[in-house]
There are 2 protein chains.
Amino acid sequence: MDIPARVTVLERVPLFKGLRPDELEAVAREAHERKLEKGEVLFRQGEDAAHSYVLGWGRLRLDQATPDGQNVVLRFMGPGDMVGTVAVLRRIPFPATPLAIEDCVILAWSAGRTAELMTRFPAIALNAVAVVGGRVEELQARLSEIATQRVERRIASTLLRMARQSGRRIEGGVEIPFAISRNDLAEMTATTLHTVSRTLAAWEQEGIVSGKRGSYLTIAQPHRLVEIAEQA
Amino acid sequence: MDIPARVTVLERVPLFKGLRPDELEAVAREAHERKLEKGEVLFRQGEDAAHSYVLGWGRLRLDQATPDGQNVVLRFMGPGDMVGTVAVLRRIPFPATPLAIEDCVILAWSAGRTAELMTRFPAIALNAVAVVGGRVEELQARLSEIATQRVERRIASTLLRMARQSGRRIEGGVEIPFAISRNDLAEMTATTLHTVSRTLAAWEQEGIVSGKRGSYLTIAQPHRLVEIAEQA
DNA sequence: CGGGGAAGTTGCGCCAGCGCAACGCTGTCG
DNA sequence: CGACAGCGTTGCGCTGGCGCAACTTCCCCG
């Protein structure tokens, strides 16, 4: 990717919102580039946070291993998302592992460079607070859900949230444009593969969602899902 | 509080770490001051985020109401914590309500002033990312816990986390220096008052924790609690 | 000092959903 | 093209801990 191409990518990244073209160019010049094939990891939980990243193309799933060896899916990330930036600024090891679920192109900056750019262009740092704040909000919402709601409602809320973040309108509903396994959903909603399977099977029966194995999940009747998510 | 007194407070606030004394003074000059009595709220969930705050003295409990009227305790906050800053920068309404559980003194800056100060002193913005990042980490940990662990382990983890954040060594163990009701604990661990009550009663029997109603909770045998939190 | 109310305790019964296990489907790799 | 591996489905039984309700204890306030 040459510099103008990078700028085109960075223009749409929330982290760099409000920067002038020449500033974006300066940021772009400092970046390294990295490609990741589906199935590879960008880094591993526990590693030293030497670089921060911005996802240019592709999708990542952010996994966190618990001390006792279980796995929790923290979030899915798409183009424009920042990765690892917080760990870099906090000078702590990466707290999770981003796994490529599609081929990805990623821009990287060293830890020192990251801090330096944010100091030089404070707007980046302000944007970073906003982005990370958004994650706090999402996590708080999930926490509330898990704390107070039944499994069925949590699955509904999770699907709606993913649709809102990454969904595409297509004929016949809203499509979530990457493969999510039942197990992924289970690990996002704090339940088991089995319960997710049963729930989705029921919803497919009723025509609320559809999507064969491997292909993308489509929410055919979002309003029905909203009803389920909101019912007392 | 005069300006030097404010500077003394701000010196110990993580958000302002690394600022020079003259910079701290500039920040202090821009602040408004606000007192809050026990039982009052600083602002209400849903209100427009017109100011950001730093807690000088006292303690707050941050509550979030769910759409269906339940309540979740997001966190307890103590001296030096920042409050509302994220909502200000994201230009969204406050997502939760901070309730004073002790008398508090709070410094406040208007939304515009907050952004301006962060731009003038980018170190503040970098610190803010780190602080908010810490919250993300804590929320992720709680999410993992709730998703994968039994109630007993979650309560143990929560108590240990609070002890780590605010605990005081005293003779006979570690004391959590503010009143936590069983209900608070229930709302933090995604369980019910009843289950918390039973669990703590059992632990008091075994001498792991102690603390009468109203007084502060003391963890007499932290290592036992760690065992419970870590056992498979 | 006595009455009211909030917070905490405890017993009991029930059920959502977990855990296990067996089976089915589908893509893929030799 | 056959067999394997990974993912998903489904049935079944069990149980953690929730929900309800009755009761106790403590604290505050008049």
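Every chain is numbered from 1 and lettered A, B, ... according to where its sequence line falls, protein lines coming before strand lines. Just so you know, these numbers use all the heavy atoms, side chains as well, and skip hydrogens, waters and symmetry mates.
- Counting distance only, with no hydrogens placed and no angle test, the side-chain atoms of A/Arg198 and the base atoms of D/dG11 include a donor-acceptor pair under 3.5 Å.
- What separates CD of A/Glu152 from P of C/dC15 is a distance of 17 Å, to the nearest Å.
- Without hydrogens or angle criteria, A/Arg154 side chain to A/Ala190 main chain gives a donor-acceptor distance under 3.5 Å.
- Protein atom CD1 of B/Ile101 is 14 Å distant from nucleotide atom P of C/dA7, rounded to whole Å.
- Atom CD of B/Glu204 and atom P of C/dT9 are 7 Å apart (whole Å).
- For A/Arg6 (side chain) and A/Ala31 (main-chain N/O), a donor-acceptor pair under 3.5 Å exists by modelled atom type.
- A donor-acceptor pair under 3.5 Å links the side-chain atoms of B/Arg142 to the main chain of B/Met188, judged by distance alone.
- Summarising the geometry, the separation between CZ on A/Arg182 and C1' on D/dT10 is reported as 13 Å, rounded to the nearest angstrom.
- Atom CG in A/Leu200 sits about 10 Å away from atom P in D/dG8, given to the nearest Å.
- Between the CG atom of A/Asn183 and the C1' atom of D/dT9 there is a distance of 14 Å, given to the nearest Å.
- Across the interface with DNA chain D, nearest-nucleotide mapping of A/His194 and A/Arg150 shows A/His194 to be the residue nearer the 5′ end.
- Checked for salt-bridge contact, A/Arg161 and A/Glu145 meet the test: a charged N lies under 4.0 Å from a carboxylate O.
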